[in-house]
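If you read the sequence from its start, that first residue is 1, and numbering goes on from there. The structure displayed is predicted, hence computed values, not measured ones.
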Amino acid sequence: MAKPLSDIGLIGLAVMGQNLALNIADHGFQISVFNRTTEKTDKFVADNPGTPGGVIGTKTLEEFVKSLAKPRKMVILVQAGKATDAVIDGLVPLLEKGDIVVDGGNALWTDTIRREKALGEKGLRFIGSGVSGGEEGARFGPSLMPGGDFAAWLELKPIWEAVAAKVDVKTGKPLTGAAPGKPITGGVPCTAYIGENGAGHYVKMVHNGIEYGDMQMICEAYALMRGLLGLKPAEMATVFTEWNTGILDSFLIEITADILRQKDPVTKKPFVDVVLDTAGQKGTGKWTSANALDMGVAAPTIAEAVFARCISAIKEERVAAAKILKGPGKKYRGSRKALLAAIRDALYCSKICSYAQGFQLMRTAQKEFGWKLKFGEIASIWRGGCIIRAAFLQKITQAYARNPDLANLLLDPYFNSTVKQAQANWRKAVALAAEYGVPVPTFSSALAYYDGYRAVRLPANLLQAQRDFFGAHTYERVDQPRGKFFHLDWPDPKRPQLAV
């Protein structure tokens, strides 16, 4: 029997909205739903009777708001940007002081800051919550990254903790086996309060930037196996399956093996061979890279992953260029086993550097925006539900448990020793890629980042001298304290100088 008023509401019944609504209802919460197209709402309710909590369809925003228990909690899952603002504008006149609006879309964190401030001035509370895991995660347990009003989070917390993905208390591995009407209970929920105003959406943005890096790195491993060893997709699937039992155990490695085994239903060829090599993007990786530039934080591996998608998009131009621009044209004759080991180590070391860049970016952002981010907790809520979920994240959680003020993941004893042991293979893979003409932008940029970060002295001394020469930008001296700046009165290079 339906309750008089619902525990929570959701606006936007696209795939993600539908799945999150069913997840909420499966955990015993009654949920009211609204979609701009009434027919879609009616069909969704009709198709999903008998959920433990119950799904209540509403035809207008007024009816939707009136159907919710106070303080009202409502989740918006529509297209980020103008569509979200339009929904909020429609809701505000109908709400009362203390009501809670949750934006679960991929919003730009600055929009979340703006929205929270505007709603706060009206006595309303706003939460910007990252939601990761795709449609399956939304249905059976996503990783949830809420930021905003802390008191509002406490109101939302029982629902968010219930519907989030769960990991094992001891191992940190995701708990699986959820089914419609049978959610997972127990374990540690993959959600936690991230911080004030836009912190949740900022962390979700960095998560997506890291995801871009992870995906591109896997593609580069695939490219080396195909380009140097000539492995067929089924053979590569076996390699990725083996890797998934070790340090590279992750959702993305697992699905890569599945994809490489898949046959095209039409041609019966390996599915991956009939997919056009042009990758799309929705912009969150670009946001991460642009923000890293704004913050002055080195995140080259994430940026190279974005650029790799950009260059993939100019397919016709690449095909034309291939007729003019020639590479080495030689075949690899070395050991298959040794090369596979080198590729594996290159993938893992590059992954460490990519995550190090993402966490350094968040470290800088918290100073910029006044947040107090708990990096170990952020890593812990990424262990399940989200696209980048991996055994590797347990290592990051442990690293920040050992040292909450860790400046860079590479300085943690585990990651330091891992890279020390694997870097010879990493360098070998990057060198072979260059020698045989296989583009590996994330592998090589991660290696350059590692070498740059460990360098006692970089050639920036020459760069700064150049800047002082042509623009009087000043320089610091090695024999003077930091923060003291000097300028050399440079002689005119075109005017002959008198011998001294």
Side-chain angles (χ1 to χ4, degrees), residues 7-29 31 33 51 53 73-80 84 102-107 112 127-148 153 156-168 172-194 199-211 214-215 250-252 254-255 282 284 377-390 393 397:
D7 302 296
I8 192 169
L10 185 142
I11 297 172
L13 291 175
V15 174
M16 285 290 288
Q18 290 186 25
N19 284 330
L20 185 61
L22 291 174
N23 186 359
I24 291 170
D26 274 354
H27 283 84
F29 300 102
I31 182 167
V33 295
T51 56
K73 295 177 283 292
M74 58 216 80
V75 181
I76 300 172
L77 267 176
V78 300
Q79 189 174 7
T84 300
V102 182
D103 177 10
N106 264 336
T112 302
I127 289 178
S129 180
V131 179
S132 179
E135 56 186 86
E136 184 177 351
R139 181 65 184 87
F140 299 114
S143 174
L144 298 166
M145 295 153 257
W153 156 244
L156 182 66
K157 184 178 179 181
I159 299 175
W160 246 221
E161 287 191 338
V163 304
K166 309 295 190 300
V167 296
D168 183 81
K173 291 186 176 181
L175 300 178
T176 58
K182 296 180 179 179
I184 292 172
T185 56
V188 180
C190 291
T191 187
Y193 178 73
I194 302 298
H201 275 141
Y202 186 90
V203 168
K204 174 57 164 57
M205 177 196 73
V206 175
H207 163 284
N208 285 19
I210 290 172
E211 180 185 310
D214 274 354
M215 295 173 73
S250 69
F251 171 71
L252 285 170
E254 178 185 349
I255 68 166
K282 290 188 175 179
T284 47
E377 194 167 57
I378 290 169
S380 74
I381 68 174
W382 289 349
R383 293 177 298 177
C386 67
I387 302 300
I388 64 171
R389 61 186 182 267
L393 285 157
T397 303

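Pairing each heavy atom of Ser143 with each of Cys386, the nearest pair is CB-CB, 3.6 Å. Residue Arg389 comes nearest to Pro174 through the heavy atom pair CD-CG, 4.4 Å, listed as atom of the first residue, atom of the second, then distance. Taking every heavy atom of both residues into account, Ala165 and Gly384 meet most closely at CB-C, 3.6 Å. Shown here for Ala164 and Leu144, the closest heavy-atom pair between the two residues is CB-CD1, 4.0 Å. Taking each heavy atom of Pro142 and Val131 in turn, the nearest pair found is CB-CG1, 4.0 Å. Of all heavy-atom pairs between Asp7 and Gly28, the closest is OD2-O, 4.4 Å.
Taken from NZ in Lys166 to OG1 in Thr191, the straight-line distance is 9.5 Å, to the nearest 0.5 Å. If you take NE2 on His27 and CD1 on Ile159, they are separated by 11.5 Å, rounding to the nearest 0.5 Å. With rounding to the nearest 0.5 angstrom, the CD1 atom of Ile127 is 11.5 Å from the CE atom of Met74. Between atom OG of residue Ser250 and atom CD1 of residue Ile255 there is a gap of 8.5 Å, rounded to the nearest 0.5 Å. Interatomic distance, Asn23 CG to Glu136 CD, rounded to the nearest 0.5 Å: 11.5 Å. To the nearest 0.5 Å, atom CD1 of residue Ile31 and atom CD1 of residue Ile24 are 4.0 Å apart.
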>> Working note: Glu211 + Asn208, criterion side chain to side chain contact (heavy atoms under 4.5 Å, CB included); need CA distance, chi angles, decisive distance, verdict.
In response: CA-CA 5 Å; Glu211 180 185 310; Asn208 285 19; 4.2 Å; yes

>> Is there a side chain to side chain contact (heavy atoms under 4.5 Å, CB included) between Lys73 and Val102? Walk through the geometry before answering.
In response: CA-CA 7 Å; Lys73 295 177 283 292; Val102 182; 5.7 Å; no

>> Run Ile381 and Ile194 through side chain to side chain contact (heavy atoms under 4.5 Å, CB included) and show every step you take.
In response: CA-CA 10 Å; Ile381 68 174; Ile194 302 298; 3.9 Å; yes

> Should Ile8 and Leu156 be marked as a side chain to side chain contact (heavy atoms under 4.5 Å, CB included) after you check the CA-CA gap, both sets of side-chain angles, and the distance that decides it?
Replying inline: CA-CA 9 Å; Ile8 192 169; Leu156 182 66; 4.1 Å; yes

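In this structure, the side-chain contact (heavy atoms from CB on, under 4.5 Å) partners of Pro180, at least two apart in sequence or on a different chain, are Arg139, Phe140. The side-chain contact (heavy atoms from CB on, under 4.5 Å) search around Leu77 returns Leu10, Leu20, Val75, not counting sequence neighbours.
Side chain of Tyr193 to backbone of Gly148: a donor-acceptor contact under 3.5 angstrom is found. Checked by atom type and distance alone, the side chain of Thr84 pairs as donor or acceptor with a backbone atom of Gln79 at under 3.5 Å. Not one N or O on the side chain of Asn19 forms a donor-acceptor pair closer than 3.5 Å with the backbone of Ala138.
Using a 4.5 Å cut-off on side-chain heavy atoms (C-beta onward), Asp214 and Phe251 make no contact.
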